[in-house]
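Computation of the quantities below employed the complete heavy-atom set of this structure, encompassing side-chain atoms and omitting hydrogens, waters and symmetry-equivalent molecules. Each chain gets a letter, A, B and so on, in the order its sequence line appears, and its residues count up from 1. Bear in mind the structure is a predicted one, so any value in this text is a computation, not a measurement.
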Amino acid sequence: MAPDDADRTHPSDGTDETLSRTPNPDSAPHSASVDTWSSKRDKDGPRRPPRGVNAPALGLRGTLLFLWRQLTSMQTALILLMLLAIAAVPGSLYPQRSVNPALTDQFLEENGRWGKLLDTLGFFEVFSSPWFSAIYLLLFISLIGCIIPRVGVHLRQVRAKPPRTPSRLTRFTGYTRVELPGADADALLETARRSLRRSRYRTDVREETGSRSVSAERGLLRESGNLLFHIALVGVLICVAGGQLTSYRGQITVIEGQGFTNSLTQYDSFESGAWFDTSELSPFQFTLDEFRAEYVLEGADESRVGQPLSFEADIDVTTPGEKQEQRTLQVNKPLHVDGTSMYLLGNGYAPDVTVTDPEGNVVAQGPVITVPMGDVGYTSQLVIKAPDARPDQLAVVGFFLPTGVIDEEGPHSIYPDLADPQLALTVHKGDLGLDSGIPQNAYEVDVSTLTPVTGDDGTPVLISLAPGQIFELPDGTTISFDGVKRYAAFDVAHDPFERWVLVSALTAVGGLILSLFVPRRRLWVRVGDRSGPDGTVVLEVAGLSRSDDPALPDDVRALATKLSEAQDGTGGPAGPSPADPVQIDDTTDDHHEGSAQ
Amino acid sequence: MIDQQLAEISNLAIVVTIVLYVLALIGFSADLASTSQKRSDERLAAREAHEAARAKQSVTAGAAGATGTAGPAGTDSPAAAAGAAPAGAGEDAGATGARSSAASSSSMTAQTFAFILAVAATVLHIFGVATRAAATQRVPWTNMYEFATTSTAVVMVAFLIFSIKRAELRILGTFVIGPVLLVLLLAQTLWIVPAAELTPSLQNSHWLYIHISVAIMSTALSILGAVVASLQLLQARHERALVERVSDDDQFPEHWGRFGHVLDRLPSSTVLEALSFRIHSVAFVGWTFTLIFGAIWGRDAWGRYWGWDPKEVWTFIIWVVYAAYLHARATGGFRGSRAAGLALVGFLAVVFNYTIVNTIINGLHSYSGL
Ligand code: HEM
């Protein structure tokens, strides 16, 4: 992980180690590196003055280069990441127009000037605001500027031999020195090399003055994984952007017995990306046969009565080329028709109502979609506009109540299912304003410009109806409640880039796992030439970890033991006893264990 | 159908679990307190011995002599390490060893007692979670209460697994059971809801199992990680203060009184840093999967893989902050304490996502059941 772990083992860093029990990670010194592990290091040193700071006379090119270096530095990446996190916060605290437009408008209304100010600053569209975009674009530019050179360095490193064995191994992790009288230096070296290769190290044997050594390295996959992770993140961004440009999404509402054909005119609302082409609408159609809802029944725990248990929509789909098919859609069980998906997202009641005007003409007939108000009982708002009514245009407004009660609270429903369906309505006359050219919401009407139909006592007539009943107003208008149907609301969506977002994201995790959990380390085995009268061969083994790698000291020692034992088997009688062949330099060893993690 | 009787048993089990955790917490804290008391006695003894030695003018014996007379337990005092300066930081490893051996010999009873209680409590805790699942015939993580009881059970299991093998980690018991207890108490008082059937939005999806179990694991690791990172920060300050005092020629420095002694018993900040990183890196992978699986589920349920719903926003924030932590660990000048600070910021985001976002901010993830 930390590129400078190596540095902490550098002999010149002794200062704090002599004082504290352990080197404090805070005070880990950052001396110049002993070797070059990767390109990261030069992005890594705030304690080194950034190049260019002391050289104002660099000119335009130099300044640009300086800015680029700053942008692609690790600190900048870190700061941009934190900024990204902070900038996302208001996106969860304020209602977002793209997520919940109604709530946004309400907030704006309630907060006057303050709301307007927030709106100008983009707080209701945080995730498409200039500042949020600027942060993530800078982050990704920084990311790309960071990846490209690292890929080059990494490729070179993969091709290069493991670097030279350091001349003094004593300060490295797990340093172990064994004297093997009468050992065969060549065989020892060869065994070391082979056993390291078998453990998937890349090895290189070097001749040195008075000794030879194997330099071995493992875990380049760590850096490969890290690069893969960052590249895949760019992939995620590109695919998300691609999806934004080419996807579409629309909402539809279908009453039982009615149908839907996938074309633009059929949608209640529809959004699509800039590159979307209507020919991409998959030509399927369906009829909603039945919508079923189940709720917790009376008799259960009181707080749970009326909680929904299941929603199911039986549909009869005709897909292009294929034949007709019966399907049941549920929440979490969408319909997929060649790349387009349809989701069951809402439902409600559509009471069947007939309205005749005082002249006896039928001016409205059939099921009317009502809008649930969000209470447990599914009290639903109903609006019928009858512009053809004579002598005046009519508007019928009120509530549909699946299980109706009319008490001092006014009309409301106490249970979501159809236990005692009722309509509670008032009728209004006047100009509905439908010809004004301003588009109107079909589910809303402004009654303030209309006059309510009143009874003999001068108050508006409150109509209450059960299925099968008819009500006649004093002026001759009649309203009949013919029955209740249900409707289902669906979202239809298509995003051709979706799967590539997933592929990139999974690639990123794959890279991440390699990058976090593959230990990257070096191991060295040095075999000294015969010295002393009995031809003692000195074997030295040590390692260096570039990552969180607590197993390294043990592995180093195990290798030393294995080598000396192997030698012992083949070597002369003067070999060290197998029981305790290794002399471990504990001091150095444990110190490295502490600091190399 | 919901088996209300079984649900009652589950509730009872969780309540008894809480009581057992309180007892275990008392045990662990008593253990910490008693050994830190012992520690300051030893320190005093060492100081006296040292002064006596100086009085005898045995110059060469110096600090090393004092350490010798104080016995092995005295070795872990930082001053002793400083006195033995020529041995360098190698002393540190020896000190760690001495520390744990001192711990096991002097505090066997209180700690073992607390540990056994913790094991019993965890078993009962798991029983409570399992009976809840049996009562509702589904996974026990479909509302805040269940999420809290289940994820704290995971924290405890993770802690016990860590510390069964490595007994020296048991001294962290106070710091693990404390937060677990806090969450359980909150769950039992504020978030408790009767056992109920699944709402339709949670039905029909195996992502309920996958996504949320990964989220529970990640949350549990975030809690553990935050505990370790906090201790690391305290330990780093403590160590710095001690080092300053040592260089001010105080041979037996004291810092933060008894709490300082508690810290003396804990692993060094370097060791805690490494442990924190291990935990956080697994947690980060966990959060990445939580995010991806959540996106897949969101696409199944709502027809889009990402919609900036408050819960999604906060999971994104958690992910970005932990990514920043991992970066900070590799960035000069941010390593160590500052990176640990970021890890704690990430944990705050986890807490916020769980509490405020679930209960106050309204989104599609109507999850709390409140
Ligand atoms: C889109 C934003 C980014 C995210 C989410 C991100 C995430 C991560 C994560 C999670 C790691 C940890 C994996 C590991 O330790 O191997 C990491 C490592 C790393 N990142 Fe990024 N990163 C981003 C942008 C950048 C940028 C802009 C740079 C270049 C300045 C960069 C350079 C690095 C480097 C050098 C490492 C390896 C650190 C080490 O030695 O362990 N990253 N990144």
Side-chain angles (χ1 to χ4, degrees), chain A residues 1-3 14 17-26 28 30 44-47 74-75 77-78 81-82 84-85 88-89 91-92 96 99 127 296 301 303-304 307-311 330-334 341 343 345 491 493 498 501 505 509 512-513 516 548 587-588 590-591 593-595 597, chain B residues 78 81-82 85 87-90 92-93 95 194 196-197 199-201 203-205 236 239-240 243 246-247 268-270 273-274 277-278 281 285 288-289 292 299-305 307-310 313-314 316-317 320-321 323-324 327-337 357 361:
Chain A
M1 252 318 282
E17 293 163 14
T18 50
L19 290 176
S20 65
R21 312 183 297 172
T22 39
N24 178 337
D26 273 344
H30 302 269
D44 201 40
R47 299 175 192 207
M74 277 295 266
Q75 284 110 292
L78 183 55
L81 276 172
M82 282 318 286
L84 188 69
V89 174
S92 73
Q96 297 296 296
V99 178
F127 302 104
V296 177
D301 192 327
S303 66
R304 288 166 45 230
Q307 297 290 341
L309 287 174
S310 82
F311 297 125
Q330 292 171 310
V331 187
N332 286 321
K333 281 250 175 81
S341 308
Y343 304 85
L345 287 190
D491 268 29
E498 211 168 47
V501 176
V509 202
L512 180 69
I513 290 173
L516 287 173
D548 180 51
T587 318
T588 333
D590 282 319
H591 156 54
E593 196 168 358
S595 61
Q597 277 171 11
Chain B
D92 164 58
E197 290 89 355
T199 56
S201 57
Q203 291 169 8
N204 303 319
S205 185
E239 282 165 2
R240 254 197 313 269
V243 167
V246 169
S247 44
S268 73
S269 64
T270 319
E273 205 281 336
F277 167 66
R278 304 215 107 197
S281 49
V285 173
T288 311
F289 275 120
I292 294 177
R299 184 206 172 252
D300 270 2
W302 303 309
R304 84 289 183 292
Y305 58 84
W308 296 114
D309 185 70
V313 173
W314 276 92
F316 172 78
I317 292 173
V320 171
V321 174
H327 264 215
R329 242 189 131 256
T331 307
F334 286 91
R335 215 170 277 127
S337 292
V357 175
I361 298 177

Over all atoms of both residues, closest heavy-atom pair of A:Leu78 and B:Ala324: CD1-O, 3.1 Å
Counting C-beta onward and ignoring hydrogens, is there a side-chain heavy-atom pair between B:Asp300 and A:Tyr343 closer than 4.5 Å? no
From B:Trp302 atom CH2 to A:Leu345 atom CG, the distance as rounded to the nearest 0.5 Å: 10.0 Å
Could you look at A:Val501 and say if it's the side chain, the backbone, both or neither that has a heavy atom under 4.5 Å from chain B? side chain
Show the nearest heavy-atom pair for residues A:Asn332 and B:Ala301, with the distance to one decimal. OD1-CB, 3.0 Å
Can you tell which part of B:Thr288 gets under 4.5 Å to a heavy atom of chain A, answering side chain, backbone, both or neither? side chain
Taking all heavy atoms of A:Ala493 and all of B:Gly303, pick out the closest pair and write down the distance. CB-O, 3.8 Å
A:Ala88 portion near chain B, given a 4.5 angstrom heavy-atom threshold: both
Check A:Ala85 against B:Val321 and note the closest heavy-atom contact, atom names and distance. CB-CG2, 3.8 Å
Which pair of heavy atoms, one from B:Arg299 and one from A:Glu498, lies closest together, and at what distance? NE-OE1, 2.7 Å
Heavy-atom nearest pair, A:Ser92 first then B:Val313, reads CB-CG1, 3.9 Å
Side chain to side chain contact (heavy atoms under 4.5 Å, CB included), that's the test. Do A:Gln96 and B:Trp308 meet it? Break it down for me. CA-CA 9 Å; A:Gln96 297 296 296; B:Trp308 296 114; 5.8 Å; no
